[in-house]
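Worth saying up front: this structure is predicted, and the values here are computed from it rather than measured.
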Amino acid sequence: MKDFVSSIFSSQNTVAGTDGGFPFWVFWLLILVILLLLAFIFLRDKDLRRRLDSFFMGIKNRMRRVRLQANLKKEQQKHEVFMFDLGQKAWEEDVEVPSANALRNQLARMDKQKSELEDKRAGLEEKIDGVTKEMADFQKKQETTHLKLEAEMKPYLDKLEEVKLKEKDTGKRLSQKKHELDTAAKGMATAEKDMLALKDKSDVLEEVKKIELESLEEKIKELAAQKTAADAALRDLKTQKAGLDKEIASQQKSADEFQRKIRKNKEKTKDRVRKLQKDIREWEKQRDKVSESIAELEKQKNPLFRNLGEQVDKDRVNHEELEILYTKIDRTKIKTQELEGQIKNLD
């Protein structure tokens, strides 16, 4: 046997980095021995076993208690819901509950108040709808008026643009004629000056002088004719421009009048719409306050329904529509008692 154990020890690998070190399997053997010793001690020590059992049982009981309490809370919540439903159903079906006359009278007063508030809210909604429709109709009417004014103004604007173009063209022609008039006048002055200079020359043959003078005279006549024609055209253009300026002023005045009407129409629309929107906002505020009052009434009725349901359950008023709720309430009561008993047993 000793030789067998020695052969096993000699055949094991040693720890890496050591020469003939402690083998791994011995380490695990020691761990196993320790665990066996601990198990042996646990089996021998009854008090230790009892404390461990008590510890784990306590954890188990606490977990079970938490679960039971959660279930109990759910049942209690269901019970409250069923009580509310019972009271609400009894009220809707007008079930007679002699022991809850005070509650029924209070609920009747609240329902009457709620009905009055709902009528008031309906009246406010009607006013809001009426003012909203009035505003839409007014805006549509004003838009039609606006389009009509723009359509009536358009011919004046078109005519104004046309006359302005004519006036601009006439102005260009007027400037051109002024230039032609100035050119002719300057040419005549130059020709007359040349004639005087030519007459004073003594070194020019009389025949040549005569021909040149005749040429200058002819030129002066032509320039004079041009000057006269340009002057006449200039006067005519000035007359045309004056007429066009007058027509522009007339067309501009008409267009301005339509622009004034359009601006006035826009201001009227803006002022009226602003006032109507203010009225709508005011009605909406009143409607919202009434809605809040209705919601508050409904909120106040909830505990009354619950109390009525408790009284109906207590009296067990006979009514076909209430039977199914009685059954549900009884089940929650039984389940609640069972859960409370199980929780009590854990103590």
>> Please tell me whether V81 and L304 are part of a single hydrophobic cluster in this structure, the criterion being side-chain heavy atoms less than 4.5 Å apart.
In response: no

>> Run the salt bridge (charged side-chain N to carboxylate O under 4.0 Å, His left out) test on D94 and R104 for me, step by step, so that the C-alpha distance in whole Å, both residues' side-chain angles and the decisive distance to 0.1 Å come before the verdict.
In response: CA-CA 9 Å; D94 195 22; R104 287 171 52 80; 3.1 Å; yes

> What pair of heavy atoms forms the shortest contact from S293 to L117, and how long is it?
Replying inline: CB-CD1, 3.9 Å

>> Quick one, K275 with D271, criterion salt bridge (charged side-chain N to carboxylate O under 4.0 Å, His left out). Give me CA distance, side-chain angles, the key distance, then yes/no.
In response: CA-CA 6 Å; K275 183 181 182 304; D271 293 341; over 6 Å; no

> With a 3.5 Å cut-off and no angle check, do the side chains of D315 and S99 form a donor-acceptor pair?
Replying inline: yes

> Hey, mind stepping through H146 and E150 against side chain to side chain donor-acceptor pair (under 3.5 Å) and telling me if it holds?
Replying inline: CA-CA 6 Å; H146 178 82; E150 285 190 336; 3.0 Å; yes

> Which heavy atom in I329 sits nearest to a heavy atom in F82, and how many Å separate them?
Replying inline: CG1-CB, 3.6 Å

> Going hydrophobic residue to hydrophobic residue with side-chain gaps under 4.5 angstrom, can you get from M83 over to L72?
Replying inline: no

> Under 4.5 Å between side-chain heavy atoms, hopping through other hydrophobics if needed: is there a path connecting V290 to L297?
Replying inline: yes

>> Taking E125 first and then R121, would you say they form a salt bridge - that is, a charged N and a carboxylate O separated by under 4.0 Å?
In response: no

>> How close do L308 and A100 get, counting heavy atoms only, and between which atoms?
In response: CD1-CB, 3.6 Å

>> Any donor-acceptor pair under 3.5 Å linking the side-chain atoms of D256 with those of Q252?
In response: yes

>> Show, in sequence, the C-alpha distance, side-chain angles and deciding distance for R260 and E257, and conclude whether the salt bridge (charged side-chain N to carboxylate O under 4.0 Å, His left out) test is met.
In response: CA-CA 5 Å; R260 186 188 66 79; E257 180 63 21; 2.6 Å; yes

> Roughly how far apart are I280 CD1 and Q277 CD, rounded to 0.5 Å?
Replying inline: 6.5 Å

> Do D313 and R316 meet the salt-bridge criterion of a basic N to acidic O distance under 4.0 Å?
Replying inline: yes

> Under 3.5 Å, side chain of N307 to main-chain N/O of P303, donor-acceptor pair present?
Replying inline: yes

> Which heavy atom in F84 sits nearest to a heavy atom in N302, and how many Å separate them?
Replying inline: CE1-OD1, 3.3 Å

> Does E282 pair with K127 as a salt bridge, N-O distance under 4.0 Å?
Replying inline: no

> Is the shortest side-chain N to carboxylate O distance from D137 to K141 below 4.0 Å?
Replying inline: no

> Do the non-hydrogen side-chain atoms of E338 and K335 ever get within less than 4.5 Å of each other?
Replying inline: yes

> Between K301 and E298, does a salt bridge (charged side-chain N to carboxylate O under 4.0 Å, His left out) hold up when you go through it step by step?
Replying inline: CA-CA 5 Å; K301 286 169 64 177; E298 286 295 323; 3.6 Å; yes

>> The criterion is side chain to side chain contact (heavy atoms under 4.5 Å, CB included); which residues satisfy it with E296, sequence neighbours excluded?
In response: K299, Q300

>> I need the Q286 CD to I128 CD1 distance, nearest 0.5 Å.
In response: 9.0 Å

> Looking only at heavy atoms, which two atoms of L322 and V317 are closest? And how far apart?
Replying inline: CD1-O, 4.2 Å

> Minimum heavy-atom separation for Q88 to F305, with atom names?
Replying inline: CA-CD2, 3.7 Å

>> What I want to find out is whether K78 reaches D85 closely enough, with some N-O distance under 4.0 Å, to be called a salt bridge.
In response: no

> What residues join L157 in its hydrophobic cluster, counting side-chain heavy atom gaps under 4.5 Å, either direct or through other members?
Replying inline: L149, M153, Y156, F258, I262

> Taking everything shown except K333 itself, do over 12 heavy atoms lie less than 6.0 Å from its NZ?
Replying inline: yes

>> Does atom CD (E126) have a neighbourhood of more than 12 heavy atoms from anything else shown, all under 6.0 Å?
In response: no

